[in-house]
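Report on the structure given below.
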Amino acid sequence: MFIPITKATEILKAGGIVAIPTETVYGLAGNALSEKAVAKIFAAKERPFFDPLIVHIAEFADIENLATEIPKNARILAEKFWPGPLTLVLNKKEIVPSLISGGLSTVAIRMPKNKIAIDIIKQTGFPLAAPSANMFQHLSPTTAEHVLQQLGNRIDGIVNGGPCEVGVESTVLGFEEETPVIYRPGAVTKEMIAEVLGMKSGEQGMGSNFQLPSPGMLKKHYCPNTPLCLGVPEVVPLNSGLLAFGEMPKNAGSFAELLNLSESGDLVEAAANLYGMLHKLDSLGLSKIFAVKLPEEGLGVAVNDRLTKASG
Ligand code: AMP
Ligand code: MG
């Protein structure tokens, strides 16, 4: 099931789908310009067609084939954050199958930083649609083993590139009129974007909308099989687990299992550990998982977004 890059390239060129590492999470890749390959991705994930996919490119020039126009701010942000975990939503050209964009007139584009991902895109010669390599609404994979567990018998192969560096999905940013709007928080934070664009993140001129109009921004997403609740309960139910952050709560000893996203309270470390620890807790047959929310700043915003959606 684990295959080398050359084999993955071959399969992709023949219209197949393979899981590849990126710096955010593992992606389930297929030829973004092939309706058939894209349909296979939706089928393997059991993802509904209204939830659009991100197209991955290897060079900035590739964007010209996909988008009709590139706003000035999009260029500035791409120059600063690409390759990296920022996805830009732009008006799409005809060549992009409408299946990718859930019927919208826009397409989401990103240049990943992971060397393996970039090599594969370059070697295939076409952009890759690559949503997270997990079943729809389930936990995202940050190791090749996570992919194997969920999709092993549904896809044509997995390229094992070790654990993902960032560990949460990219920031998704679109433009309404000329105004940048964050549709999904991620590793590139609102503050970082505002700074590069010379805006104040709190002030008008930059928005965030984590619910709609991005159709994939469902309230329930990123879910373990075990029920997940936010916060630490006063009375700890039997056989429940805790996903902590920083200092342990006083009643930590009452939990059957304990994991800490970052004992030192480091938000970057917490993001990198998020899915791995959720996968781990989910595998232990617990009755419930409780998760502590992070400070609502920097990468904490993205982690809290995923935890909130995971709690359904
Ligand atoms: P995933 O590939 O699983 O990380 O999810 C991709 C997410 O990017 C989707 O769920 C959407 O919320 C967002 N997205 C993709 N394409 C668009 C688009 N054209 N407009 C707005 N959001 C998009
Ligand atoms: Mg996903």
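One-based numbering, in listed order, for ligands and for the atoms of each. For the numbers below, each heavy atom of this structure counts, side chains included, while hydrogens, waters and symmetry mates do not.
Put simply, part of Arg47 is less than 4.0 Å from ligand 1, judged by heavy atoms. For Ser101, the closest heavy-atom approach to ligand 1 does not fall below 4.0 Å.
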Q: In sequence, state the C-alpha distance, the side-chain angles, and the governing distance for Arg154 and Glu46, and then conclude on salt bridge (Lys or Arg N to Asp or Glu O under 4.0 Å).
A: CA-CA 10 Å; Arg154 294 174 160 254; Glu46 293 182 13; 2.8 Å; yes

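Short contacts between ligand 1 and Leu104, defined as distances under 4.0 Å to a heavy atom of the residue, involve ligand atoms 18 (C), 19 (N), 20 (N). Below 4.0 Å from some heavy atom of Asp51 lie the following atoms of ligand 1, by number and element: 9 (C), 10 (O). The contact set between ligand 1 and Ala108, taken as ligand atoms under 4.0 Å from a residue heavy atom, comprises 15 (C), 16 (N), 17 (C).
The residue Lys92 has no part lying near ligand 1, judged by heavy-atom distances below 4.0 Å. Residue-level proximity to ligand 1 for Pro52 is carried by backbone and side chain together, each with a heavy atom below 4.0 angstrom.
A cation-pi arrangement is present between Arg306 and Tyr222 under the rule of less than 6.0 angstrom and at most 45 degrees off the ring axis.
For a distance bound of 2.8 Å, the N, O or S atoms of Asn134 include none lying that close to the Mg ion (ligand 2).
Considering backbone and side-chain atoms together, Thr106 places an N or O closer than 3.5 Å to an N or O of ligand 1. On a distance-only criterion, Arg184 and ligand 1 share at least one N/O pair closer than 3.5 Å.
With values rounded to the nearest 0.5 angstrom, Ile63 atom CD1 is found 7.5 Å from Arg75 atom CZ.
Salt-bridge check for Arg110 with Glu23: passed, with a basic side-chain N closer than 4.0 Å to an acidic carboxylate O.
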